[in-house]
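Here's the structure, in structure tokens; my notes come after.
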Protein chains: 2
Amino acid sequence: MNATPRWLTPEQQAAWDGFIRMQEKLIGRLSRRVQADSRMSPADYIVLAKLTEAGGRMRFMDLTKLVEWEKSRMSHQVARMAKRGLVDKEDCPDDGRGAFIIATPAGREAIEEAAPVHVEHVRRLFIDALTQEELDTLARISNRVLAHLEKQPD
Amino acid sequence: MNATPRWLTPEQQAAWDGFIRMQEKLIGRLSRRVQADSRMSPADYIVLAKLTEAGGRMRFMDLTKLVEWEKSRMSHQVARMAKRGLVDKEDCPDDGRGAFIIATPAGREAIEEAAPVHVEHVRRLFIDALTQEELDTLARISNRVLAHLEKQPD
DNA sequence: CACGAGTGGTTGACACGTCAACCATTACCT
DNA sequence: AGGTAATGGTTGACGTGTCAACCACTCGTG
């Protein structure tokens, strides 16, 4: 059908499979725990975290770029969060298209409550599994992969 | 409210953030590419791959355990795949509750076409970014985290 | 044999993400 | 000024994942 497909070597397979399995289990468990303990999804968490870090009031697109999401994803997310009272939207006077996203008091309260819980789960599930040296190595590897991805289109 | 929250050290933060960013971008890009190039989602891919590896006919629960999913996830997934003609369901004569999942010819064809594409994307996005030594290291780290997770409840 | 517990599997409601199309406004170009 | 492109943001449809409840059958025990 085509030229030989170049399968992965067993070592490459092992690395990929291990990484995938680990990442799925880790992320899955973390999100379930965070959600169970704080009534906030990871998406809620990151949006509120970045938003409050920046003072609790930000232009929609700035927030979107900050967390590196697609705008439609953020739009849906903000709509859901607004419905639950975590954020508000406000028209931008300078730009008729624009909108500000604002953390409500309830939103600030929610994230302040969730943050330590979140950190604690990250610690227990991930940090505690590894030495600082391993963490550094993983950081280096992650950045290598990221840099590699950014060199390619898409 | 509670005892001091024990935030992460900057090095720990860096490792966690880097890992998360990497993992999101990598998985996101991989699934978009696989989907675009083969009309199959990663979920379709893994289910069909495991199913055909096992001969193309398996008990529902065996398949579910093999890919380490929840049964309801598999049930939904299989239903969708059946609707698209990738698999069939068949009652189990020995156990009135049970079902066999069967890869259809179309399903076998689809995975045979998708597999090299999948491998190639994994290679380009991930394998090519790292040396074999780094891959080995990552595998070791992944297994450490996995082992750590399996020691904890949930 | 009866009955309760466990297993195999489905279902429905809901949250989430992507894609593509769309609308409104602003910026750019001549 | 006027048209066109770009930006800011929303929307709807759809595929996917989770949770909890549920149904049907089998199995173990008294």
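As a whole-Å value, the separation of A:Met40 CE from C:dA15 P is 16 Å. A:Arg73 places its CZ atom 18 Å from the C1' atom of C:dA20, with the value rounded to the nearest Å. Separating the CZ atom of B:Phe100 from the C1' atom of C:dG8 is a distance of 13 Å, rounded to the nearest angstrom. Regarding A:Arg59, its CZ atom lies at a distance of 14 Å from the P atom of C:dT25, rounded to whole Å. Atoms CE (B:Met81) and P (D:dG17) sit 12 Å apart, rounded to a whole Å. Rounded to whole angstrom, the span from the CD atom of A:Glu90 across to the C1' atom of D:dG8 amounts to 16 Å. Rounded to a whole Å, the CZ atom of A:Arg39 is 13 Å from the C1' atom of C:dC14. The separation between A:Trp69 atom CH2 and C:dC19 atom P is 15 Å, rounded to whole Å.
Among the atoms of the strands shown, none is found under 4.0 Å from any heavy atom of A:Thr64. A:Arg80 comes within 4.0 angstrom of a base, heavy atoms only. Among the heavy atoms of the strands, none lies under 4.0 Å from B:Lys83.
In terms of polar N and O atoms assigned as donor or acceptor, the side chain of A:His76 comes within less than 3.5 Å of the base of D:dG12 in a complementary pairing. Judged by atom type and distance alone, A:Arg97 reaches the base of D:dT7 through a side-chain donor-acceptor pair under 3.5 Å.
For C:dC19, neither phosphate oxygen OP1 nor OP2 lies less than 4.0 angstrom from any side-chain nitrogen or oxygen of A:Ser72. Regarding contacts with the backbone of D:dT18, every side-chain N or O of A:Gln35 stays at 4.0 angstrom or more from both OP1 and OP2. For B:Lys71, no side-chain nitrogen or oxygen approaches OP1 or OP2 of C:dT7 to under 4.0 Å.
Projected onto DNA chain D by closest heavy-atom contact, B:Asp94 and A:Val78 fall at different nucleotides, the more 5' of which corresponds to A:Val78. Heavy-atom nearest nucleotides on DNA chain C were determined for A:Asp44 and for A:Asp95, and the one closer to the 5' end corresponds to A:Asp44. Residue whose closest nucleotide on DNA chain C sits further toward the 5' end, between B:Phe60 and A:Ala43: B:Phe60.
A 4.5 Å side-chain heavy-atom check between A:Val34 and A:Val117 finds every atom pair outside the cut-off.
Under 3.5 Å, the side chains of B:Thr9 and B:Glu11 contain a donor-acceptor pair of N or O atoms. Judged by distance alone, the side chains of A:Gln35 and A:Arg32 never bring a donor and an acceptor atom under 3.5 Å apart.
Heavy atoms only, all atoms of each residue included: A:Lys25 and B:Glu68 are closest at NZ-OE2, 3.4 Å.
Between A:Glu134 and B:Arg140, at least one side-chain nitrogen of the basic residue sits less than 4.0 Å from a carboxylate oxygen of the acidic one, meeting the salt-bridge criterion.
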